[in-house]
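Right, one structure below, let's go through it.
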There are 2 protein chains.
Amino acid sequence: MLPAERHAIILKEVAQQPAISIRALTEKLGASRETIRKDIEQLAGENKLNKVRGGATQIRTEEPAVEMRAATNPKGKARIAQHVLDKIPNGASVIIDNGSTTLAFARLLREFRTDLSVCTNDLTIAELLGPVTRELTILGGRLDVKENATFGSAAIENLSRFRAEFAVIGAGGLSGKALFTDFSRDAADLRHLMLEHAEHGFVLADSSKFSVVGQVVMRRFPASTTAVLDTEPPAEVMAALLEKAVAFEIA
Amino acid sequence: MLPAERHAIILKEVAQQPAISIRALTEKLGASRETIRKDIEQLAGENKLNKVRGGATQIRTEEPAVEMRAATNPKGKARIAQHVLDKIPNGASVIIDNGSTTLAFARLLREFRTDLSVCTNDLTIAELLGPVTRELTILGGRLDVKENATFGSAAIENLSRFRAEFAVIGAGGLSGKALFTDFSRDAADLRHLMLEHAEHGFVLADSSKFSVVGQVVMRRFPASTTAVLDTEPPAEVMAALLEKAVAFEIA
DNA sequence: TGCAACTTGGCAAAATTTGGCAATATTTTT
DNA sequence: AAAAATATTGCCAAATTTTGCCAAGTTGCA
């Protein structure tokens with residue numbers, strides 16, 4: 001059995017189920033633990049799968065739907081939202097990213113801040129805040145139906161004409177290895193640009209994002225950016241944040 | 001059985017039912033109580049579920065009620081919409097304006113045309129057509145809450161980068177004196193640009209617009225534009241249309 | 001024969017199981 | 001209804017198993 005054959009079978013298995021154990025693979029492939037282990041090591045290096053103790057797990061290629069994410073850790077998201085809200089003065093201009101955490105932030109805004117100028121690519125947030133903000137600008141672009149938000153080059157171009165005092169963005173995942181990651185290149189690019197186009201940026205990541213790794217690694221944030229978490233992150237995430245000098249606060 | 005597998009199954013169970021007992025999970029997963037207990041502890045730490053005595057419960061959140069826009073569908077608008085729809089081939093690109101008549105057109109599209117590329121400034125139409133069109137582009141800009149659509153210089157700039165085979169726009173009023181009129185400069189400008197950026201333009205005006213005169217007079221349409229009415233207009237409107245050489249059809 | 005890939009063995013680390021005991025819930029008895 | 005008896009569960013610590021990782025040995029192939 002050639003290595004390429006094994007790799008193909010391993011990837012097929014991992015595509016069919018969320019995880020596969022080394023033990024199961026040794027039987028299926030007739031190879032020793034160590035060989036399988038090295039196969040997994042290599043495939044993990046190529047980002048084809050995640051290496052975990054005892055086997056491998058599939059790399060999540062898309063994040064769960066917004067409704068699902070909104071149901072995850074609502075308390076943590078609300079606490080983060082309140083923390084950020086306290087830092088935004090009345091009358092400010094704010095760029096708000098698409099996502100479940102930023103949606104929680106928008107819900108708070110609707111109740112307590114009716115004098116803001118808001119710019120967003122999230123249609124759910126836009127319809128939520130439209131009636132209560134002083135002005136609401138929507139970023140045009142290709143509509144992603146699942147996210148109910150716009151992305152793509154048109155959105156980026158649209159945003160390039162816009163500046164704000166604050167940017168509030170989300171993240172797909174936060175891990176020790178890759179730090180902030182996202183599930184699509186489009187989203188990552190747009191988010192980065194949002195940070196660059198604001199005087200102060202906030203990156204919201206609740207604890208359900210810990211240990212989640214998306215495919216796209218976000219670029220280094222501008223210096224004016226602060227990450228806001230709801231709980232103390234795992235040790236390796238904490239170490240990575242400190243090493244990369246990412247400013248962060250715990251709500 | 002890998003931890004990741006167990007976690008996935010536990011979360012699936014908890015998503016399906018409001019609560020799940022450790023006892024049931026030990027049987028289903030073939031792991032000991034203590035392992036399950038630690039799994040639940042960890043997942044609860046990530047706020048994926050609630051840890052309770054004897055098992056775990058799902059995190060439930062109140063979902064904001066989705067307000068449904070009351071949709072009346074007058075016969076005239078539907079007839080106009082059908083008339084225009086017949087002229088648009090499958091796979092075409094279409095710019096759709098904001099408004100109630102164009103909304104009727106969009107409803108038809110949703111049922112009969114799932115292979116179009118659509119560009120619109122109307123969020124209601126966007127959410128209606130998003131799931132069924134090949135691609136949907138939203139024009140960015142200032143959100144008009146009453147219209148649930150975007151307008152302003154940003155929308156115009158956005159549109160300047162966009163071209164389509166067809167444009168389907170509405171009108172605020174149609175009268176003998178002023179011909180096509182609108183209620184805001186923003187809307188009129190955007191509509192005119194939509195016509196200019198399409199090979200064929202359709203201006204939809206049902207009979208309820210006949211005796212209405214808006215504040216803003218629309219500029220002369222491009223030659224490629226056809227007005228579509230649902231009934232024969234009053235004599236003076238008819239005369240004006242003929243005099244100004246506006247192409248029109250009655251659905 | 002030489003080289004690369006694979007296997008085997010061993011040890012440390014991590015995960016899991018097991019058993020015990022206290023706290024809490026449930027049932028039975030008074 | 002209160003109290004006692006019984007069962008269940010949480011939590012802790014030790015024992016057991018599994019796994020990772022390293023190094024040495026073996027196999028297969030050109």
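Below, all heavy atoms of this structure are taken into account, side chains as well, without hydrogens, waters or symmetry copies. Proteins get letters first, then strands, A, B, ... in listed order; numbering begins at 1 in each.
- Smallest separation of non-hydrogen atoms from Arg220(A) and Ala245(A): NH2-CB, 4.4 Å.
- Arg161(B) is not listed as a side-chain neighbour of Asn158(A), based on a closest heavy-atom distance of 4.5 Å or more.
- Once you apply a 4.0 Å limit to the heavy atoms of chain A, the touched nucleotides of DNA chain C run 5' to 3' over dC6(C) to dA15(C).
- Judged by distance alone, with hydrogens and angles left aside, the side-chain atoms of Thr102(A) form a donor-acceptor pair with the main-chain N or O of Asp97(A) at under 3.5 Å.
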Give me, pair by pair, the N or O atoms of the protein and of nucleotides 11-14 of chain D that are less than 3.5 Å apart, along with how far apart they are.
{"residue": "dC11(D)", "atom": "OP2", "partner": "Arg37(B)", "partner atom": "NH1", "Å": "2.6"}
{"residue": "dC11(D)", "atom": "OP2", "partner": "Lys51(B)", "partner atom": "NZ", "Å": "3.0"}
{"residue": "dC12(D)", "atom": "N4", "partner": "Glu34(B)", "partner atom": "OE1", "Å": "3.4"}
{"residue": "dC12(D)", "atom": "N4", "partner": "Glu34(B)", "partner atom": "OE2", "Å": "3.2"}

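- The aromatic rings of Phe221(A) and Phe180(A) sit tilted relative to each other, their planes meeting at an angle between 30° and 60°.
- Checked for salt-bridge contact, Lys38(B) and Glu41(B) miss the test: no charged N lies under 4.0 Å from a carboxylate O.
- Without hydrogens or angle criteria, Gln58(B) side chain to Gln17(B) main chain gives a donor-acceptor distance under 3.5 Å.
- With sequence neighbours excluded, no residue forms a ring pair (Phe, Tyr, Trp, His ring centres under 6.0 Å) with Phe151(A).
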